[in-house]
Amino acid sequence: MTVRTRFAPSPTGYLHIGGARTALFNWLFARRNNGQFILRIEDTDAARSTEESIQAILDGMNWLGLAWDEGPFFQSKMFDVYRKHAAGLLEKGFAYRCFCAPAELEARREAALKAGRPPMYDNRCRERKDAPDAPFAVRFKSPTTGSTIFKDEIKGVINFDNSAIEDLVILRSDGTPTYNFCVVVDDATMGITHVIRGDDHINNTPKQLLIAKALGCVPPVFAHLPMILGSDKARLSKRHGATSVMAYKDMGILPHALVNYLARLGWSHGDQEIFSLAELIEKFSFENCGKSSGVFNPEKLLWLNQHYIKETKAEELAGLVLPFLEARGVNATEDTRLPKIIKTLKERSKTLVEMCDGALFYFKEKVEYDGQAAAKFLLPETIPLFKILIERLGEASGFSEKTIAEVFDSVIAEKGIKLGKLAQPVRVALTGGSISPGIFEMMDAMGKETVLKRLKDAAKFIEKKRES
RNA sequence: GGUCCUAUCGUCUAGAGGCCUAGGACGUGGCCCUCUCAAGGCCAAAACAUGGGUUCGAAUCCCAUUAGGAUCACCA
């Protein structure tokens, strides 16, 4: 039997970190077993579902590279199927009509809660023989005795007393189906073999198992993933910072860095931290999934991102940084220096945003000097040094890291100074600040023309400062 | 409150009864390297929730306690 998994988000917001991890594990398990991964949108709640959310989820999945084999299917387009099955259940006596008014139900629930009793529906319409001419919901007739047991692939055997499971509504009074019912029908009709989802669904599982049994279908295998928590160990939410997957794209996170991070949150393979997609697929198994919830750690994500930035070719990074530069008013599309520029930043950027910010000085029309840096390094005595550099760099036959280094060597040897004495003023002259990539690689990336111009500008700047 | 799940360094985790003086990674601190910042290298501090069993032997198995969390809708 081929493995078929599904990711079934409800379109009531963007794709968040928790959902992404669920999607990833479903995807990995399907790929691992040469199965199919299905995307299903659970939009039975028309009031809360939005078109934008659907798009946001699709965007998130695409960005992460979690391609689905079938779908997206929409539950809202399959209402007839659910109604047909609900009618069947009604006919067979597995379900019944409930005429209790929602407001009344709510009042009873609150009263029960207050009295410390379980806030379950009291089954009062179960044996009802009359059929008033009033709106009704359809409830599933849940067994009152016995227990429902299933073996969770991650958590192990879980046992529920049926008496604790209420007669849940499967069809609302407006005729629309509800979640626990749709899930069962869909998973059955779509041939889902493995349901991999958050462990907040554990309590739904016996309900779904019972419905599946009434429907006469073979239930899927379940695997419940532990939750992802925020730094305060509370469920991850906006309070903890970005929870939207796409927010990480905007922060300059590489999709594979997020994938790698998410994979290691709740799953492990010995001491290994870095996994290619192929390795993830090859090594994934429920056996190595943890049972306990984990705290989302942005620092570690950043470390992974930095790792993957270092691994990615400068040419590729150049393309990825372009939009970030664009957002800061720099159009570098035609700038052939870009790959070289990126190369100087690769080793020192945790995100694409950081890389973009670090690259800005290369493109400035005029260098803006940092006050402190200029005061410390752009001094009158550096003017002669700049003049010599301008002359020798101008005369040099090439403009490579090697030739630049040779020029610097000759200057410091002649003047009997340390490299730092020369490099820091030059750094400020070229970048405006005292922090930058290595001086030679940076100059090489900047290009001869710009370097000479900036050195001249800096010399002029010092002259002017001296006069005033 | 009922039900269910969970429990190893601050965080992610390794650990399948003796290989555990509990390993790795992020983060933190120190040192080295060095033209600045990083990167890199080396070193360090840092954990088996508690109490009972079982066993020759328990981080590992069982039970209880405690503490977290999830869930109890005509939401999904």
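Excluded from the calculations below are hydrogen atoms, water molecules and symmetry mates; all remaining heavy atoms, backbone and side chain alike, are included. Proteins get letters first, then strands, A, B, ... in listed order; numbering begins at 1 in each.
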Practice prompt. Using a 4.0 Å cut-off on protein heavy atoms (strictly under), produce a 5'-to-3' string for nucleotides 64-74 of chain B with B for base contact, S for backbone-only sugar-phosphate contact, and - for none.
Written response: -----SBSBSB
Discussion item. From the set B/rU13, B/rA76, B/rC5, return the single nucleotide nearest to any side-chain atom of A/Tyr179.
Written reply: B/rA76
Worksheet item: Taking NZ, NE, NH1 and NH2 as the nitrogens, is one of them in A/Asp80 or A/Arg83 under 4.0 Å from a carboxylate oxygen of the other?
Response: yes
Discussion item. Can you pull out the residues from residues 42-51 of chain A that lie within a 4.0 Å heavy-atom distance of RNA chain B?
Written reply: A/Glu42, A/Thr44, A/Asp45, A/Arg48
Worksheet item: So, A/Lys291 and A/Asp199, do they make that salt bridge, N to O below 4.0 Å?
Response: no
Fill in: Pair listing, ring-ring contact (aromatic ring centres under 6.0 Å, His included) test, anchored in residues 131-153 of chain A, at least two apart
A/Phe99-A/Phe136, A/Phe150-A/Phe222
Item to complete: Inspect the contact between A/Arg348 and A/Glu354 and indicate whether a charged nitrogen and a carboxylate oxygen are less than 4.0 angstrom apart.
Response: no
Item to complete: Classify the ring geometry between A/His269 and A/Phe275 as parallel (under 30°), tilted (30 to 60°) or perpendicular (over 60°).
Response: perpendicular
Worksheet item: So, are A/Glu441 and A/Lys343 salt-bridged, with charged N and O less than 4.0 Å apart?
Response: no
Worksheet item: In whole Å, what is the span from the CD atom of A/Glu347 to the C1' atom of B/rA38?
Response: 9 Å
Practice prompt. Determine the Euclidean distance between corresponding P atoms of B/rA46 and B/rU6; express it in Å to zero decimal places.
Written response: 31 Å
Item to complete: Using the P atom on both, measure B/rG18 against B/rC62 and round to a whole Å.
Response: 16 Å
Worksheet item: Any chance the side chains of A/Ser410 and A/Arg392 put a donor and an acceptor closer than 3.5 Å?
Response: yes
